[in-house]
Asks: 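Handing you this structure, nothing more for now.
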There are 2 protein chains.
Amino acid sequence: MSTDHDRVSAGRPQGRRPGASSSRQTILDAARSRFARDGYAGSTIRKIADDAAVDASLVMQFFGTKEQLFAAVMSITPGALARMAEAFDGPTDTLGERVTRAYLGVWEGDPRDSEPLLAMLRAAISNEQASAQVREFVQERLLDARGSRLNNDTDMTLRAGIAASMLVGVIVGRRIVQVPALVNEDLEALIARIAPGIHAILTAQPELRQR
Amino acid sequence: MSTDHDRVSAGRPQGRRPGASSSRQTILDAARSRFARDGYAGSTIRKIADDAAVDASLVMQFFGTKEQLFAAVMSITPGALARMAEAFDGPTDTLGERVTRAYLGVWEGDPRDSEPLLAMLRAAISNEQASAQVREFVQERLLDARGSRLNNDTDMTLRAGIAASMLVGVIVGRRIVQVPALVNEDLEALIARIAPGIHAILTAQPELRQR
DNA sequence: GGCTTATCTCAACAAGTGTTGAGTTATGCC
DNA sequence: GGCATAACTCAACACTTGTTGAGATAAGCC
């Protein structure tokens with residue numbers, strides 16, 4: 001029954017080794033930029049393949065499907081998320097500035113951090129997978145990962161959710177919609193203007209005045 | 001050369017009158033909801049036509065092109081915009097609450113106001129026309145339309161641009177991404193939490209502290 | 001050299017897109 | 001009634017999309 005050489009000699013691999021080429025990483029980089037610029041629906045496999053100087057079907061062969069390629073692009077930002085979450089820890093009187101600086105800083109820094117986040121934002125509009133990811137990003141990772149020791153839990157969760165949404169709004173205005181007033185300002189000036197607002201959200205008593 | 005009856009008797013119309021049917025408005029309503037729910041790219045002429053119980057080519061005949069249909073959907077919210085802009089006028093000590101209430105109120109009220117704005121937001125991601133419209137919305141209409149008499153002009157423009165972006169961010173979190181903490185809270189509670197932050201943005205001195 | 005496996009290209013499919021043109025039905029004026 | 005015009009439907013177009021299968025080339029082990 002068995003030929004003179006068994007097909008695979010007990011675990012030892014044979015033939016060409018996977019990962020020898022750099023194409024996979026090139027495709028991933030191209031996809032990251034495309035998704036960030038054109039969103040999920042606007043990015044096509046063919047365009048991504050062209051950017052990577054590669055045939056479209058190679059993209060499929062590596063990543064299986066467009067959604068899986070997108071998922072691969074999304075899952076490369078644990079560091080940036082941690083930096084934003086950590087900003088909540090520390091002295092209360094500089095809380096607003098720390099959080100504001102951490103958020104805007106990530107979005108202005110290394111494209112390998114900001115592009116997946118931009119892609120996530122753009123895609124959240126048309127793609128349920130991305131929408132869920134933004135939801136989790138704003139809600140859970142920023143709070144549940146740390147013990148949230150500032151106030152009682154549900155109140156601080158709400159405050160942080162609002163603050164995060166607001167900062168994401170600023171990013172949308174600056175990076176996606178490109179509101180002139182936000183684009184023209186440099187980062188430090190923007191932080192100086194925004195920090196008091198975020199500080200108030202995170203620390204102030206809610207206004208009970210009834211209109 | 002001329003027959004016994006001239007083709008058109010000098011301006012007086014003849015034959016069936018335009019606008020007799022209600023289909024045009026039905027199509028417009030369907031398009032408004034679709035664009036708000038699925039964005040520009042995600043909404044197809046055929047789906048909109050189906051919602052309106054009408055053939056797809058009738059949509060084209062009425063509105064010419066998909067972009068023009070989208071433009072028609074966008075151009076029906078002057079009242080809502082005015083309400084948001086007017087909130088900037090009034091006593092300074094309740095400024096944050098007024099602006100916050102006006103913004104969130106429009107987005108929670110009549111779908112004929114909120115749906116085009118949601119559609120505008122969703123489309124701003126993939127459609128340059130909509131992106132320009134959001135830009136103008138955040139930047140100009142909220143300020144240039146009124147004389148902006150609170151502070152010196154460019155400073156107040158920046159403050160209002162930031163505040164508007166932040167409030168749009170809250171809308172995105174509540175209506176699009178649907179962050180649980182924002183969705184579960186009722187409108188008044190949300191306003192009470194957000195107003196102090198917006199107030200600080202619009203009135204506070206920028207933090208000059210240098211980290 | 002052979003053999004096995006991975007990387008990569010080519011051509012094509014099936015489905016869905018916006019859009020078009022011809023034809024049909026309904027409405028209103030003479 | 002007849003006639004002009006609008007409202008509306010049907011079928012098809014040209015194109016793009018994600019995805020697939022077969023085949024060619026290259027790399028690593030015997």
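Basis for what follows: all heavy atoms, side chains included, without hydrogens, waters or symmetry-related copies. A note on names: the letters A, B, ... follow the listed sequences, proteins ahead of strands, and every chain is numbered from 1.
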Asks: Determine, for D50(B) against R46(B), whether the closest basic-nitrogen to carboxylate-oxygen distance falls under 4.0 angstrom.
Replies: no

Asks: Grab the N/O contacts between the protein and nucleotides 23-26 of chain C below 3.5 Å, and write none if there aren't any.
Replies:
unit_1, atom_1, unit_2, atom_2, d
dA26(C), N3, R16(B), NH1, 3.4

Asks: Calculate the interatomic distance between L58(A) atom CG and dT25(D) atom P; express it in whole Å.
Replies: 16 Å

Asks: Rounded to whole Å, please give me the gap between CD1 in I48(B) and P in dC8(D).
Replies: 17 Å

Asks: In whole angstrom, give the distance that lies between atom CZ of F63(B) and atom P of dA6(D).
Replies: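 Nearest whole value for this atom pair: 16 Å.
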
Asks: Taking the six-membered ring of F63(A) as reference, does the NZ or CZ atom of R24(A) fall below 6.0 Å from its centre and within a 45° cone about the axis?
Replies: yes

Asks: Provide, to the nearest angstrom, the distance between the CG atom belonging to D50(A) and the P atom belonging to dT16(D).
Replies: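 Taking atom P of dT16(D) as the reference, CG of D50(A) is at 13 Å.
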
Asks: Give a yes or no on whether the backbone of D89(B) and the side-chain of R98(B) come within a donor-acceptor separation of less than 3.5 Å.
Replies: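 Between the backbone of D89(B) and the side chain of R98(B) there is a qualifying donor-acceptor contact (under 3.5 Å).
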
Asks: Would you tabulate the pairs of protein nitrogen or oxygen atoms and nucleotide nitrogen or oxygen atoms of nucleotides 15-18 of chain C closer than 3.5 angstrom?
Replies:
unit_1, atom_1, unit_2, atom_2, d
dG18(C), OP1, I45(B), N, 3.4
dG18(C), OP1, K66(B), NZ, 3.2
dG18(C), OP2, I45(B), N, 3.2
dG18(C), N7, R46(B), NH1, 2.8
dG18(C), O6, R46(B), NH2, 3.0

Asks: Figure out the CG/P separation between D55(B) and dT20(C), and round it to whole Å.
Replies: 14 Å

Asks: Take the protein atom CZ of F62(A) and the nucleotide atom C1' of dT19(D), then report the distance between them rounded to whole Å.
Replies: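 Distance, rounded to whole Å: 17 Å.
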
Asks: Quick check: any donor-acceptor pair below 3.5 Å linking the side-chain of S57(B) to the base of dC8(D)?
Replies: no

Asks: With sequence neighbours left out, what residues match E108(A) under side-chain contact (heavy atoms from CB on, under 4.5 Å)?
Replies: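 Partners of E108(A) under the side-chain contact (heavy atoms from CB on, under 4.5 Å) test: R174(A), R175(A), L187(A).
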
Asks: Suppose we screen for side-chain hydrogen bond (donor to acceptor under 3.5 Å, both in side chains). Which residues come up paired with E115(A), at least two apart in sequence or across chains?
Replies: R32(A), S33(A)

Asks: Once side-chain contact (heavy atoms from CB on, under 4.5 Å) is applied, do any residues pair with A49(A), and if so which ones, sequence neighbours excluded?
Replies: A56(A), V59(A)

Asks: Using a strict 4.0 Å threshold on nitrogen-to-oxygen distance, state whether R101(A) and E188(A) make a salt bridge.
Replies: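 E188(A) and R101(A): salt-bridged.
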
Asks: Which residue pairs pass the salt bridge (charged side-chain N to carboxylate O under 4.0 Å, His left out) test when at least one of the two sits in residues 55-83 of chain A, sequence neighbours left out?
Replies: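 Of all non-adjacent pairs touching residues 55-83 of chain A, those that pass salt bridge (charged side-chain N to carboxylate O under 4.0 Å, His left out) are R83(A)-D113(A).
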
